[in-house]
Amino acid sequence: MLHSRDPLAGAPASAWLTAYDASLTAPLRRELRGWSLLAVGSLAVAGVLALLLVMSRTPKLQDLLPWPWESFFYTALVTHVVFSFVVWYVAFLGAAAVLATARSAAGRPRLAALGPAGLWLGVAGAALLIGVTLADQGEASLNNYVPVLSHPLYYAGLAILGVGVALPVVRLLANPGRIGDTVEFGVAACGVAYLVALLCFVIAWMLLPPGTDIAAFNERLFWGGGHVLQFVNTGLMMMAWQSLAVMAFGEAPVDRRLYWLLMAGLVVFVLPGPIFYFTFDILGLAHRYAFTDLLWYGLSLPPAVMILGVFVLLWRWRGTWPWRSPAFLGLILSVLVFAVGGVFGFFLGVSDTRTPSHYHAVIGGVNLAFMGLMVALMLPVLGRAVKTGRWVWAQFCLYGFGQLLWSVGMFLAGAAGVPRKTAGVEQGLDSVGKLVSMAMTGTGGLIAVLGGILFIWFALRRLLAREAIDG
Amino acid sequence: MADAMAAIRGRLPLLLTALALVALMVGMPTWRYDDRPEFPRYAISTDAFEAKVDAMVRDHSTGAEEDGMPVVHPPPGDVYLLARRWQFYPVLELEAGRSYRLHVASVDVLHGFHVGDVDVLLVPGAATVVPFNPGASDRPVIQCSEFCGLRHNRMTAWVRVVPATAAPDQHQGAAAGAR
C-alpha cells in the first residue's frame, strides 16, 4: 500500500519539475498560465465581489454603489459564489488537464487546437458572467451548487465556460497517457466525470417542462450535474494529495493500483447520473434523493482510503516533516481539514449548523489541496515559483487553521442547537456554549480570509509578472 | 507459502477496497429507499385547501400573533398547514403527547416539508398527510427542504408545544373524520 510505481514516485520535487518542464512546450505553457490565471483570478473576482457585498450592506457606503444596493446584494452574492466555487474549480481542472496532456503527449498533443480554443471560451464565459453581474441584470437565484442570475446571457456564460473547460479535457482523453501516472490518469478520470456532469446539465435542460417556476427550474437544472461536479473536485483533490506527498516525501500515500481503483471507482459511481433523469421524475423527490445517495455512497470511501494512506505515510516520516515545503503544508492541512469535515458528515442535521460545518470543511480541504498544487507544482513549472518563506507558511496555516476553527465552531454551535441559515435573534444564542462556538466561527472565518488573500496575492503576482523568473 | 501470504498481505488493501466499492455500488439502490416512509396524498385545489386552513384559523385561533401570523391551537386530529413563499401558515400550537395528522400543501410553487426525519415534497394541487406526535420537551422546527426562491432559507416555522389540557382521546374521534 505504501509503495508506488508511479513513473515519478520516489522522485524529489525537482525531478517532477524537470519532467514537466521538458514536456511543456511554449503553447502548452501559455495555456497552463492562462488557466492558472483564470483559476486564481476567479478567487480575486470573488474577493472583490465580497467587498461589494459588504458595501451594499453598509449605510452611507451603499449609496456610493452605482446600482440599487437592495437587489445588487443578491446579484453580487450569486456571482461571488459562482467564482469561488465553480469558476475556480473548473479552471483548475482546465489547468490540470493541460499539465496532464503535456506529459501524456510528450508536448505534442493530437487535437492541439482544442487547448487555446477552450481557454478563450473559458475566459469569454467568465467575462460574460462578470458583465451580466456588473450590469445588474437578471433575478438572483441562490439555488444549490451553481447559483445563477436568471438572464439568458448568464446561462450562456456558464455554458461557454463549461464547454471551454471540456475542450482541454477532451484533448487529454484523445491523448491517453500512462495508466500508472498520478496526474495523467487522475486528471483523465476527473475529466470523464466532468463530461458526465455536463451531460447531466444538458439532459436536465431538455427535460425540465416549460413553465416550471424559475426557482425549481434552477434548482433541478443544477442538482444532478452539481452533485457529479463534487466527484470531479474530490478526484482532483485526491490527485493533488498523491502528487504533493511524492513531492514532499518522495513516496505516495497509496499504491499505484489502489490509486487507479479509487479514481476508477469515482468514475463508475457517476455513470448512473445521466440515467437517473430517465428513471426518476426530474421534479420529484426520488430524483433529489438519487443524487444525494450517489454522493453518500460514491464519495465516502475513496478519499477515506487515501486519508488513511496519508496518515500512515505521515506516521512513517514523523520527526522529519518538511514544515517549510508548500507541498507538505498543502497536503497535511488539506487532509486534516477534509478529514474533520468527513467526520462531521456523519452527524448531519438538516436544521442546525452541523451541516454547513461539514461542507465548509470539505470545501476548505479541496481548496488547500488546489492551493498546494498551484504553489508547489504549477507555478514552479511555469518558472513562476513563489519564494517558500514564512509568508507561504503563514498563508497555508492561516487558511487551514482558520477553516478548521470555523468548521469546529459551526459544529459545536449546531450540536448546542443553533439553527442553520439564521442570523441575529433567530439564532437563539442563549448559552455560553453557543456564544463561544459562534465566536470561534467568526474568528476562524476572519483568519481563513487572510490566508486566502495571501494566496491570491502571491499567485497572481507571479502569474502576472512579465518575465517567467522563479523567486 | 510464505511468499504467497506476503503477496496476499500486500494486496489486501486493494482487495478490501475493491470489495467495499462493489458492496457500495450494489447496495446503493436498495439501502436508502427502504427506510423512507411514504405518506398518503390526495388531490385538492389550492382554493379548497386555503378554505380549510382559513376555517381552522377562524375556529381555533388563540388570538396571539407571531411575525404577523395567527397562532392556532387546533384539537388533536386533522390539522391544516399551508406552504407558500416563504412561510408555513399559520403558527401551530400543539399539545404534548397528543396525536395529530398534519395535512400539508403548497399553494404556489414547489416546496419541501421537513420536520425531524420527515421530508415531503409539496406539489401544488395535492396535500400530504403526515402523522405528528410532539413530545413535551420538543421544539419542532419545520423547514422548507426544496429551494423555492431568494428567502427559501428563511422559510422555517417553529411549532409551539404546550402541555396537554384535556384527556388525550377527547378530541380524537371528532377530528378523525374532518377531512
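Computed from a prediction, not measured in an experiment: that's the story for all the values here. In what follows, every chain begins at residue 1, and chains take the letters A, B, ... in the order their sequences are listed.
Heavy-atom neighbours of A:W260 CH2 from other residues, nucleotides or ligands within 6.0 Å: at or below the threshold of 12.
Highest contact tally toward chain A, considering only B:L150, B:V123, B:V109, is held by B:L150 [criterion: heavy-atom pairs under 4.5 Å].
Only the side chain of B:L110 comes within contact range of chain A, judged by heavy atoms closer than 4.5 Å. For B:D108, no part lies near chain A; criterion is any non-hydrogen pair under 4.5 Å. Heavy-atom distances place both the backbone and the side chain of A:N143 under 4.5 Å from chain B.
Side-chain atoms of A:S141 never come within 3.5 Å of backbone atoms of A:V148 as a donor-acceptor pair (strictly under, hydrogens ignored).
Taking the centre of each ring, A:Y277 and A:H287 come in below the 6.0 Å mark.
Looking at B:R85 and A:D213, a side-chain N of the basic residue comes within less than 4.0 Å of a carboxylate O on the acidic one, giving a salt bridge.
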